[in-house]
Amino acid sequence: MNKYASNLDAIPVGKLAPDEAAAELARLAAAIAGADAAYYNDDAPNITDAQYDALRRRNLLIEKRFPKLKRADSPSDKVGASPSAGFEKAKHAVAMLSLDNAFDDEDVAEFDKRVRKFLGLADDSELAFTAEPKIDGLSLSLRYEKGVLVLAATRGDGETGENVTSNALTIADIPERLQAAPDILEVRGEVYMSHDDFEALNQRLTREAADKTPDLFANPRNAAAGSLRQLDAAITASRPLHFFAYAWGEVSEALAETQWEAMQRFKKLGFKINPLTKRCKDVAEMLAHYARIERQRAVLGYDIDGVVYKVDRLDYQARLGFVSRHPRWAIAHKFPAEKATTVLEDIEIQVGRTGKLTPVARLKPVTVGGVVVANATLHNADEIERKDIRKGDWVVIQRAGDVIPQVVEVIKSKRKKGARKFKFPDRCPVCGSHAVNEVNPLTGKTDVDRRCTGGLVCPAQAVERLKHFVSRRAFDIEGLGEKQITSFFEQEIIKEPADIFTLRQRQETGDINLYTYKNKSDGDIYLDKEGKPVATNKKSIENLFDGIDAKREISSARFINALGIRHVGETNARLFASHYGNVAAFYEAAVKARDTEIEAYQDMLSIDGIGALVAQGVIDFFAEAHNRDAVDRLLAEVTPLVAQAANTQSPVAGKTVVFTGALETMTRDEAKARAQSLGAKVSGSVSAKTDYLIAGSGAGSKLKKAEGLGVEVLTEEQWAILVG
Ligand code: IVH
């Protein structure tokens, strides 16, 4: 644990005496350097991103107040190390997705129902699932060509991972060659470390550190990840890692007819499959197996965090396909959260990208399920009020999987006398603007969240928006992560997204000088201990420019997601991109749609999955001149690509279709999913823009409207012929 991070803000900056300020700057420099090393070099962050940002912010505030006290090794001069350079990137032939979660028996029953509904199966028809432990490690994809391992890649962002082939080859459970395998076979599974090996590794690291403080792994999963992602394969070889196979990516021929048989095939090929894998004939058997696995959890010798159920028949899996990032045919049934009690030392308010004020509990660090927890989210003012959470209280906290820890309840009997109710601030702690609970324009309800009204003047919002802009699912710029963005923002080198794309030009014209990290606005040249300019690292700055240039062309969906419009995340951004085809058309529609009567508004609402609240978020965003200006400046630098329909070959790519009435050969959900996968837009209502109405039996008003508008009407059979 980084101790400094937890007792931050002891004295307000305004009240610091110079000697206190100097001492604190020294402590901050050490704490930030320590956090950098833990994050970049050891793969084991010792504080949260929010704590890290708070440290840097406080450092900067003190430096602003006492410019003369600024240290030669000031953290504000460093852009931060570049994230895990060294591994080659590896694009996955088939994306590596994650699983949807179920938290109780009911969720599992609903999953079974959803699958049946999608496939059009009766409640009492046969539908088998496999059930197996969910291993808490890191997933790895192993590509074999003609039976030889040619690539081992980590998951990364699901599309692109890191090439860790030489490291994977040191793992005994991973065969280098396969007999009688398909020509192309990607085996996927989990790399993990056993409890015993984890303990032994930490003991060894302690011995090796001799009298220095050892850098230990917090849990077996971090140990497995840190060991696999070693640049030196000899280090990986010295760490005992294991592998269970449970899924596959690209295959040149079908592996089997069922999930169960595919797993048996893996076993024959020489892979380990989890011995607790079972084929279950219905939900009751699945839940019974879940209970069995949960009972064995403590003695398994490795970490698991739930049970994964998968539809057994592979033809069903193929029909079910995927929805955004999850397969429809599988679900992870998580084990209940682990709990602990500790003291809540303070309540801090964080300001997010949309101005939302989130209260965060600073806790006396406590171990929950093998992980040290020092913070928990408190959600909003209502939550604090409802649970009556006060500073100094003893609280029960829980942690479920990778979810942020939460405060479950206060132990009132242990409350100290005189503990006062928490007063939620009505001003933004970062910029001082009023913070208000907005009234939803559509429902008239007051929002539970309090938001800073500072908008563009609030540095917390600006910097969070920029972080979102460069994040993985948005622009994903190599060499420009959260830490670099924060630093550039603090130096006023990047204030809005377009500034990222003018960096090279500003550098070339001498407007800024990144080599010395000289910033024109105050004319300072930051010097190191010897008095030489800092960061004269041409190579890393050239790499940064190249990373930026590589994103001058970007998918329209990523572009839209990057804007950080309220309610528009990855999924909705994709819906907009494929509906409008490009950013310009989306922009134009959003401006026109301000008048809710107008066709542009109706058209936006006709997008399947887009409701009034999302539309309002988009309209509000483009109603602001400063937002339009910022987007215009960005569009002058960046070219969003025309959204490719998922399948441009198909005769219905780009067409708008509406289904109505009862279909016979497939369910409505399946028909919709299939049309979308062929690049069609599926709308819920008929308008002049509809290309085809597919009318099943009993079609009524939509059919009439389509006929009235002269929209082409197809029977289910004609549709099936059209799409092949
Ligand atoms: S199946 C298409 N089976 O859980 C999805 N995943 O939350 C294929 N995991 O990224 C995944 N044990 O790293 C599957 N028995 C298991 C698993 C498992 C652990 C991990 C995997 C995945 C994550 C999803």
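Note that CD1 of Ile494 and CD1 of Ile512 are 8.0 Å apart. Values are rounded to the nearest 0.5 Å. Of the inter-residue distances, the one linking Leu466 atom CG with Leu480 atom CG reads 9.0 Å to the nearest 0.5 angstrom. Atom OG1 of Thr486 is separated from atom CZ of Phe488 by 11.0 Å, given to the nearest 0.5 angstrom. Once rounded to the nearest 0.5 Å, the distance linking CD1 of Ile610 with OG1 of Thr571 reads 9.5 Å. With values rounded to the nearest 0.5 angstrom, Ser252 atom OG is found 10.5 Å from Glu186 atom CD.
Relative orientation of the His333 and Tyr309 rings is tilted, given thresholds of 30° and 60° on the angle between their planes.
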Item checked: Tyr580/Asp603 under side-chain contact (heavy atoms from CB on, under 4.5 Å): CA gap, chis, key distance, verdict -> CA-CA 10 Å; Tyr580 293 108; Asp603 181 55; 3.9 Å; yes
Next item on the list: With ring pair (Phe, Tyr, Trp, His ring centres under 6.0 Å) as the test, would you mind laying out the steps for Tyr587 and Phe559 before giving the verdict?
Entry: CA-CA 12 Å; Tyr587 185 154; Phe559 187 102; 9.4 Å; no
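Here Asp100 pairs with Arg114, His326, Ile331 under the side-chain contact (heavy atoms from CB on, under 4.5 Å) rule; sequence neighbours left out.
Within the 3.5 Å criterion, the main-chain N or O of Val658 finds no donor-acceptor partner in the side chain of Lys702. When atom types are taken as modelled, the side chain of Arg143 and the backbone of Glu250 share no donor-acceptor pair closer than 3.5 angstrom.
Among residues at least two apart or in separate chains, side-chain hydrogen bond (donor to acceptor under 3.5 Å, both in side chains) pairs with a member in residues 708-724 are Thr665-Glu716, Thr715-Gln718.
Residue Glu599 places its CD atom among 12 or fewer non-hydrogen atoms of other residues, nucleotides or ligands, all under 6.0 Å distant.
A heavy-atom distance below 4.5 Å is not found between the side chains of Asn572 and Ile560. Between Asp620 and Arg566, the closest side-chain pair of non-hydrogen atoms is not below 4.5 Å.
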